[in-house]
Amino acid sequence: MKKYDVLVVGGGHAGVEASCASARLGCQTLLVTFSQDNLGKLSCNPSIGGLGKGHIVREIDALDGVMARAVDEAGIHFRVLNRSKGYAVQGPRAQLDRNLYQKAIQKHVAQQKNLTVLEDEVIDILLEDKKVVGIQTKKQGTILAKSVVLTTGTFLRGLMHVGEEKTVGGRIGEKEAVKLSEGLENLGIQLVRLKTGTPARLRKSSLNFDVCEIQPSDENPEPFSYLTKEITNPQVDCYLTETHEAIHEMIRNNSERAPLYNGQIASTGPRYCPSIEDKVMRFKHHQKHTVFLEPEGLNSDLVYPNGISTSLPKDIQEKMIHSIKGCENAEIVQYGYAIEYDAIDPRMLKPTLEAKDFEGLFFAGQINGTSGYEEAGGQGLIAGLNAGLKAQGKESFILSRTQGYIGVLIDDITTLGVDEPYRMFTSRAEYRLYLRADNADQRLTPFGIRLKCVSQERKEAFLEKQDALVHAKEMLQSKRHNGKSFWEHLKNPQMDSTDLGVQIDESIRKQIVIEAKYEGYIHREQADIAKYEKDLAKKIPLDFDYKKISGLTNEVQQKLEKTRPSTLAQAKRIQGMTPVAIITLMKKI
């Protein structure tokens with residue numbers, strides 16, 4: 001019976017990043033998935049990135065994950081969002097060719113050393129004395145491992161809704177996973193039901209783009225990966241149209257047929273990516289909602305109408321879509337649907353994404369209550385690294401909220417839990433002036449070099465870039481004009497390095513300009529980060545008995561016992577923790 005270092009269950013975005021990350025550490029890794037052909041499948045929208053989300057993808061890339069490189073290989077429409085605002089809140093986004101993205105992911109998985117893919121269904125997790133020892137699969141039976149990572153997406157007891165129609169499955173055309181849900185419940189893990197959804201798919205040739213607003217790609221597409229020199233795919237346009245009050249009235253008049261409002265769906269959906277019926281019912285003062293018509297590929301005749309995710313009955317979907325400008329004659333290739341699925345309470349996890357009560361068992365992605373490809377990929381990366389480090393008997397890797405958006409994400413869900421699918425925004429990061437998309441490699445690649453999870457190519461490229469940045473800064477600081485160094489002049493919001501007549505390589509110029517303009521703000525933010533990290537250094541044992549601390553109210557004790565924070569910093573972020581409770585706790589740990 002073969003034994004692996006790490007077993008990863010599920011081949012979605014989290015599973016791909018987790019398995020590749022542990023394999024990059026040198027761990028013998030097995031990725032178990034229903035279908036190897038579906039690796040890299042974009043289940044919902046054919047795009048990656050955006051505000052906060054684009055930051056996560058850059059961070060995945062900085063630690064040598066595969067998502068950013070696949071985006072650059074498959075991207076057909078690149079835009080930097082919020083370009084008119086500060087660099088800290090700008091986010092790269094790319095529209096993808098679905099087929100090219102799948103091929104890119106499958107290529108990276110196939111080329112990854114130490115990684116094997118198995119098509120099978122996992123029906124149980126095997127433990128001895130609350131320590132993971134392997135998995136039980138439907139075909140292969142028992143497979144042993146030192147660590148297991150669960151990345152099941154929407155497949156755990158997945159149930160899809162289109163009006164009154166209900167179909168079991170993890171997504172259209174694919175079966176759900178029931179046995180694994182039962183296995184987790186048998187371990188005493190409490191599962192919750194969450195919901196997400198997707199819009200219809202439309203025939204591109206049946207749409208009238210002439211009456212829609214054009215949305216072109218950026219003139220000079222900005223790659224996601226720090227290793228990509230340029231984007232070579234042809235770039236295509238997207239188009240904007242909108243709903244109107246007559247459509248909203250039709251939806252309101254048919255709310256009794258909407259699974260989300262007639263009691264058919266009882267689970268909670270994502271607040272920040274609501275269905276069109278949710279938008280209409282919750283935001284009655286909005287007379288229109290934007291619909292983005294996004295092509296699904298260079299050679300595809302499908303369009304994704306972003307903004308009208310729905311589980312309305314088919315006849316209502318048809319009336320709604322045919323009432324949208326440009327879609328009057330739209331051919332619906334696939335109807336929109338909602339899907340309910342099982343997830344865990346992420347407060348049962350350590351910041352490493354290992355279960356607090358089950359050694360060697362890690363969780364990543366939508367099973368942790370998050371939404372989005374990017375959030376899943378970021379968690380998969382951290383879970384895979386820590387599963388591999390666990391298998392090797394090495395110290396775990398924790399990315400704090402002061403170091404990356406992935407750290408913000410993990411700290412938020414493991415400290416506060418979720419009552420709806422979690423989505424990343426720049427507003428969730430207190431230190432966003434430092435945690436920019438442009439400097440993710442400077443923040444995180446040194447960790448990757450230390451962990452030995454990045455390639456020699458990435459290491460050399462990073463060190464070369466660092467040398468160039470240091471040289472450019474020294475040059476700007478040494479040259480003076482009107483009593484100031486060129487570096488000080490560069491802090492003027494109206495100036496960049498070209499205004500100073502200084503020759504700086506184009507690949508370095510933007511970075512050095514940003515660093516100069518943000519230097520003062522970053523110094524102030526670093527002081528706040530230092531205070532936070534002091535609290536981060538104050539560890540709390542997982543088995544700490546809060547009932548023995550006199551002075552804590554029963555409510556505070558219950559909150560601490562539910563979350564079992566690993567540090568004082570995490571304890572401070574628990575909702576309902578008072579200053580008095582924090583001071584009392586500090587005296588006892």
Side-chain angles (χ1 to χ4, degrees), residues 13 42 44-61 67-98 100-101 104 199 204 207 209 212-242 272-273 289-298 300 302-309 326 371-375 377-378 405 423-427 432 435-441 506-507 509-511 513-514:
H13 303 282
L42 298 164
C44 193
N45 55 313
S47 64
I48 280 178
L51 305 180
K53 290 171 171 282
H55 293 67
I56 289 176
V57 181
R58 285 274 173 81
E59 292 177 357
I60 292 172
D61 184 66
M67 182 176 281
R69 282 174 286 162
V71 168
D72 291 343
E73 292 172 44
I76 56 175
H77 179 103
F78 287 78
R79 292 180 65 227
V80 175
L81 306 186
N82 269 359
R83 197 181 279 277
S84 62
K85 298 184 179 180
Y87 293 109
V89 293
Q90 293 181 9
R93 184 182 187 273
Q95 196 70 27
L96 308 176
D97 182 305
R98 287 188 187 273
L100 289 180
Y101 187 79
K204 181 180 178 181
L207 303 179
F209 295 114
C212 301
E213 179 185 345
I214 191 170
Q215 187 181 57
S217 176
D218 285 347
E219 188 174 342
N220 297 306
E222 188 174 301
F224 270 70
S225 175
Y226 293 98
L227 296 183
T228 302
K229 301 302 181 185
E230 64 175 336
I231 301 301
T232 58
N233 283 335
Q235 297 296 287
V236 303
D237 295 325
C238 293
Y239 297 87
L240 277 64
T241 182
E242 58 192 26
Y272 300 108
C273 189
H289 296 285
T290 302
V291 181
F292 301 85
L293 300 176
E294 301 172 341
E296 299 215 343
L298 294 173
S300 173
L302 293 181
V303 164
Y304 182 93
N306 199 341
I308 53 170
S309 171
S371 69
Y373 307 146
E374 306 85 354
E375 291 89 343
Y405 271 81
R423 179 178 180 176
M424 178 52 69
F425 295 102
T426 53
S427 58
R432 54 186 170 273
L435 306 181
R436 304 186 309 275
D438 64 88
N439 70 351
D441 58 338
E506 184 60 30
S507 63
R509 189 181 68 80
K510 178 182 176 182
Q511 186 79 59
V513 169
I514 295 172

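Scope of the values below: all heavy atoms of this structure, side chains included, with no hydrogens, waters or symmetry mates. Index from 1, following the sequence.
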Return the [atom1] to [atom2] distance between [X] and [Y], rounded to the nearest 0.5 Å.
X	Y	atom1	atom2	value
Asn306	Leu240	CG	CG	10.0 Å
Arg436	Ile514	CZ	CD1	5.5 Å
Gln215	Phe292	CD	CZ	6.0 Å
Arg69	Leu227	CZ	CG	6.5 Å
Asn45	Ser309	CG	OG	10.0 Å
Leu100	Leu298	CG	CG	6.0 Å

Does any N or O in the side chain of [X] come within less than 3.5 Å of the main-chain N or O of [Y], such that one atom is a donor and the other an acceptor?
X	Y	answer
Tyr226	Ala440	yes
Tyr373	Ser47	no
Asp438	Tyr87	no
Gln95	Pro46	yes
Glu242	His289	no
His13	Met67	no

At their closest point, which heavy atom of [X] faces which heavy atom of [Y], and how far apart are they?
X	Y	answer
Pro199	Ile308	CB-O, 3.5 Å
Phe209	Val303	CZ-CG2, 4.1 Å
Ala70	Tyr101	CB-CE1, 3.5 Å
Gly377	Ile60	C-CD1, 3.6 Å
Leu96	Leu42	CD1-CD1, 3.9 Å
Ile48	Phe224	O-CZ, 3.6 Å

Do [X] and [Y] make a side-chain contact, defined as non-hydrogen atoms from C-beta onward lying under 4.5 Å apart?
X	Y	answer
Glu374	Arg423	no
Asp97	Glu296	no
Ser300	Lys204	no
Gln90	Glu222	no
Glu213	Thr241	no

Set out, in order, the CA-CA distance, both residues' side-chain angles and the distance that settles side-chain contact (heavy atoms from CB on, under 4.5 Å) for Val89 and Arg432, then state yes or no. CA-CA 8 Å; Val89 293; Arg432 54 186 170 273; 4.2 Å; yes
Lys53 with Glu375: basic N within carboxylate O range, under 4.0 Å: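 Salt bridge between Lys53 and Glu375, a charged N being under 4.0 Å from a carboxylate O: yes.
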Which side-chain N or O atoms in residues 228-235 pair as donor and acceptor under 3.5 Å with protein atoms at least two apart or in another chain?
unit_1: Thr228; atom_1: OG1; unit_2: Asp72; atom_2: OD2; d: 2.6
unit_1: Asn233; atom_1: ND2; unit_2: Glu73; atom_2: O; d: 2.9
unit_1: Asn233; atom_1: ND2; unit_2: Gly75; atom_2: O; d: 3.2
unit_1: Gln235; atom_1: OE1; unit_2: His77; atom_2: N; d: 3.2
unit_1: Gln235; atom_1: OE1; unit_2: Phe78; atom_2: N; d: 3.2
unit_1: Gln235; atom_1: OE1; unit_2: Ser217; atom_2: OG; d: 3.1
unit_1: Gln235; atom_1: NE2; unit_2: Gly75; atom_2: O; d: 3.4
unit_1: Gln235; atom_1: NE2; unit_2: Asn233; atom_2: O; d: 3.2

Under the criterion side-chain contact (heavy atoms from CB on, under 4.5 Å), which of Pro305, Cys212, Pro295 is the partner of Tyr239?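 The passing option is Cys212.
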For a side-chain contact (heavy atoms from CB on, under 4.5 Å) check, start with the C-alpha distance between Leu51 and Asn82, then their side-chain angles and the critical distance, and finish with the verdict. CA-CA 8 Å; Leu51 305 180; Asn82 269 359; 3.7 Å; yes
Set of salt bridge (Lys or Arg N to Asp or Glu O under 4.0 Å) partners for Arg93, sequence neighbours left out: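 Scan of Arg93 (salt bridge (Lys or Arg N to Asp or Glu O under 4.0 Å), adjacent residues dropped) gives Glu294.
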Salt bridge (charged side-chain N to carboxylate O under 4.0 Å, His left out) contacts touching residues 76-86 (sequence neighbours left out):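 Pairs touching residues 76-86 that pass the test: Arg83-Asp218.
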